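Beneath this line is the structure, given in structure tokens, with notes to follow.
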Amino acid sequence: MRIPGSSFTGEPRSRPLPGAGSAARVLAVTSGKGGVGKTNLAVNLALALADLGQRVIVVDADLGLANVEVLLGISPPRTLYDCLYRDRDIREVLLPAPGGIQIIAGGAGFLDMAFLDRERWQKLLDALPQLDNLADFVLLDTGAGLSKNVLFFLAAAGEVVVVVTPEPTSLTDGYSLIKVLDRLQAHREVLLVVNRAGSEREAAATARRLEAVAGKFLRLPLTYLGYIPDDGEVARAVKEQRPFYLANPQSRPSRSVAGLARRLLGQEAGDLPEKGVRGFVARLARLLGR
Ligand SMILES: Nc1ncnc2c1ncn2[C@@H]1O[C@H](COP(=O)(O)OP(=O)(O)OP(=O)(O)O)[C@@H](O)[C@H]1O
Ligand SMILES: [Mg+2]
């Protein structure tokens with residue numbers, strides 16, 4: 001499928017060459033409907049992966065909504081904008097965050113990829129691949145929905161995690177998003193997380209419902225990664241600007257996220273031909289016809 005206004009037509013799938021050097025797994029966390037828990041998942045999953053010895057960078061790729069830093073209680077002195085427009089080294093815009101993770105705040109320069117000029121693109125292409133040596137995982141917290149910007153990130157990311165809640169509106173919007181991902185033919189599967197589930201059983205039923213429709217109409221397989229319970233700890237942590245995984249590692253949502261992290265580590269990375277952040281920016285550049 002073509003993303004309107006881009007030169008992207010889908011890539012042939014092939015096995016990566018062995019020994020291609022170190023490459024981070026680039027995971028986009030996204031959803032059809034807004035407010036379903038993407039940012040909470042991205043931040044707390046990052047912390048749980050860090051607990052498992054992984055080097056993790058969370059990138060705030062949401063359009064202007066600086067959610068990641070707010071959840072972590074950080075006010076970033078520098079953003080990606082400083083790297084692109086003020087000649088700061090990418091290492092200077094990597095901000096240390098609680099729990100041993102790092103974040104990159106979006107800033108104005110990251111808002112709309114389509115508006116970056118040639119010089120900025122070159123900077124992005126030169127700077128971002130350095131992250132491959134600095135991280136095992138790069139988690140992109142995207143905006144919700146089907147805007148062109150979000151679709152670029154999703155098409156370029158090695159792996160995509162779709163967040164839904166058991167609410168019918170979230171499921172319908174989640175399915176619409178998965179349908180678009182199916183047409184992109186950029187991934188071999190979509191990872192699914194059910195957030196705000198009343199019980200494990202409700203979460204599994206929600207996942208099955210989506211899998212049933214997707215299995216009938218789409219080629220792209222859904223892999224159910226797991227769920228996070230609906231729990232007052234989450235909202236409390238948001239208010240206190242301290243991620244729930246750090247505030248209370250033994251709480252139910254924290255244990256769920258730890259399970260998601262373990263499952264993710266046990267999974268093979270996506271099989272796009274160009275690995276890591278290097279592959280991500282190369283695909284982005286092609287998508288935008290740069
Ligand atoms: N598992 C949960 N249990 C209880 N409340 C939750 C849970 N997950 C999320 N919430 C509530 O939903 C709110 C929105 O979560 P979050 O900001 O992570 O969503 P989002 O998908 O990133 O939103 P947006 O689309 O605006 O970026 C949180 O502030 C919290 O109050
Ligand atoms: Mg968010």
Side-chain angles (χ1 to χ4, degrees), residues 27-48 58-74 76 79 97 99 101 103-107 110-111 138-147 149-151 153-154 157 160-167 169-178 190-204 206-207 224-261:
L27 249 96
V29 178
T30 194
S31 67
K33 187 175 170 337
V36 297
K38 291 178 296 298
T39 306
N40 270 281
L41 174 64
V43 166
N44 289 284
L45 182 61
L47 292 164
V58 182
V59 180
D60 201 330
D62 199 349
L63 280 166
L65 295 170
N67 285 319
V68 171
E69 59 211 56
V70 176
L71 276 194
L72 283 157
I74 298 174
T79 71
I101 61 171
I103 70 164
I104 294 183
F110 210 40
L111 289 192
V138 174
L139 304 186
L140 305 174
D141 179 24
T142 76
L146 299 170
S147 77
N149 229 298
V150 171
L151 289 183
F153 288 134
L154 300 187
V160 176
V161 180
V162 172
V163 184
V164 296
T165 70
E167 283 185 355
T169 44
S170 159
L171 276 181
T172 324
D173 294 354
Y175 179 68
S176 303
L177 174 67
I178 293 165
V190 167
L191 304 171
L192 181 70
V193 170
V194 178
N195 187 24
R196 308 202 69 160
S199 65
E200 186 172 357
R201 186 187 287 202
E202 186 188 37
T206 302
Y224 176 43
L225 205 58
Y227 78 103
I228 306 173
D230 190 62
D231 195 299
E233 287 274 342
V234 179
R236 199 159 36 248
V238 172
K239 275 187 208 134
E240 286 169 12
Q241 292 187 262
R242 185 166 163 73
F244 62 80
Y245 188 85
L246 289 180
N248 186 355
Q250 289 314 316
S251 68
R252 289 192 319 141
S254 296
R255 280 183 283 135
S256 293
V257 166
L260 295 178

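Position 1 is the first residue of the sequence; numbering continues from there. The analysis underlying the following values was restricted to heavy atoms, covering all of them including side chains, and did not include hydrogens, waters or symmetry mates. Please read these numbers as outputs of a predicted model, since none were measured by experiment. When a ligand or atom number is given, it counts from 1 through the structure's own listing order.
- Taking only nitrogen or oxygen atoms, main chain and side chain alike, A235 does not reach within less than 3.5 Å of ligand 1.
- In terms of polar-atom proximity, defined here as any N/O pair under 3.5 Å, G35 does make such a contact with ligand 1.
- Among all non-hydrogen protein atoms, the one lying nearest atom 25 (O) of ligand 1 is K38 NZ, 2.7 Å.
- Annotation for ligand 1: atoms under 4.0 Å from non-hydrogen atoms of P229 are 1 (N), 2 (C), 3 (N).
- Scanning the protein for heavy atoms near atom 19 (O) of ligand 1, the closest one is G37 N, 3.0 Å.
- The proximity of T39 to ligand 1, defined as any non-hydrogen pair under 4.0 Å, involves the side chain as well as the backbone.
- The side-chain heavy atoms of N195 and L41, taken from C-beta on, include no pair separated by under 4.5 Å.
- In D62, the part holding a heavy atom less than 4.0 Å from any atom of ligand 1 is the side chain.
- Residue L192 forms a side chain to side chain contact (heavy atoms under 4.5 Å, CB included) with just one option from V164, V160, L225, V163, and that option is V164.
- Closest protein heavy atom to atom 2 (C) of ligand 1: V234 CG2, 3.5 Å.
- From the protein, the heavy atom lying nearest to atom 8 (N) of ligand 1 is N195 ND2, 2.9 Å.
- Nearest to atom 27 (O) of ligand 1 by heavy atom, out of T142, T165, N67, is N67.
- By the criterion of a heavy-atom distance under 4.0 Å, neither the backbone nor the side chain of V163 is placed next to ligand 1.
- Within the coordination shell of the Mg ion (ligand 2), defined by N, O or S atoms under 2.8 Å, T39 is present.
- Side-chain contact between D173 and V36 is absent, with no heavy-atom pair separated by less than 4.5 Å.
- The protein non-hydrogen atom at the shortest distance from atom 15 (O) of ligand 1 is N40 ND2, 3.5 Å.
- When only interatomic distances are considered, the shortest N/O to N/O separation between D141 and ligand 1 does not fall below 3.5 Å.
- Here the side chain of S254 pairs no donor or acceptor atom with the backbone of Q250 at under 3.5 angstrom.
- Between D141 and V59 the shortest side-chain heavy-atom distance does not fall below 4.5 Å.
- A donor-acceptor pair is defined here as one N or O able to donate and one able to accept, closer than 3.5 Å; such a pair exists between the side chain of T142 and the backbone of V29.
- When non-hydrogen atoms are compared, ligand 1 lies under 4.0 Å from the side chain of V238 (C-beta onward) but not from its backbone.
- Between L154 and L177, some side-chain heavy-atom pair lies under the 4.5 Å cut-off.
- Between D231 and ligand 1, a contact under 3.5 Å exists for at least one N or O pair.
- Distance check on atom 13 (C) of ligand 1: every protein heavy atom falls at or beyond the 4.0 Å cut-off.
- Counting only distance, with no hydrogens or angles, the side chain of S170 and the backbone of T165 share a donor-acceptor pair below 3.5 Å.
- Distance from atom 10 (N) of ligand 1 to its nearest protein heavy atom, with residue and atom name: R196 NH1, 3.6 Å.
- Other residues, nucleotides and ligands contribute over 12 non-hydrogen atoms within 6.0 Å of the CD atom of Q241.
- Residue contacts with ligand 1: G232 is placed with no nitrogen or oxygen under 3.5 Å of a nitrogen or oxygen of the ligand (distance criterion only).
- Inter-residue side-chain proximity for V257 and F244 is flagged as met; some heavy-atom pair is nearer than 4.5 Å.
- Of the residues V43, L72, D60, the one that meets the side chain to side chain contact (heavy atoms under 4.5 Å, CB included) test with I103 is L72.
- S176 places a side-chain N or O within 3.5 Å of a backbone atom of T172 that can act as its donor or acceptor partner.
- Interface of G34 with ligand 1, defined as ligand atoms under 4.0 Å from a residue heavy atom, comprises 25 (O).
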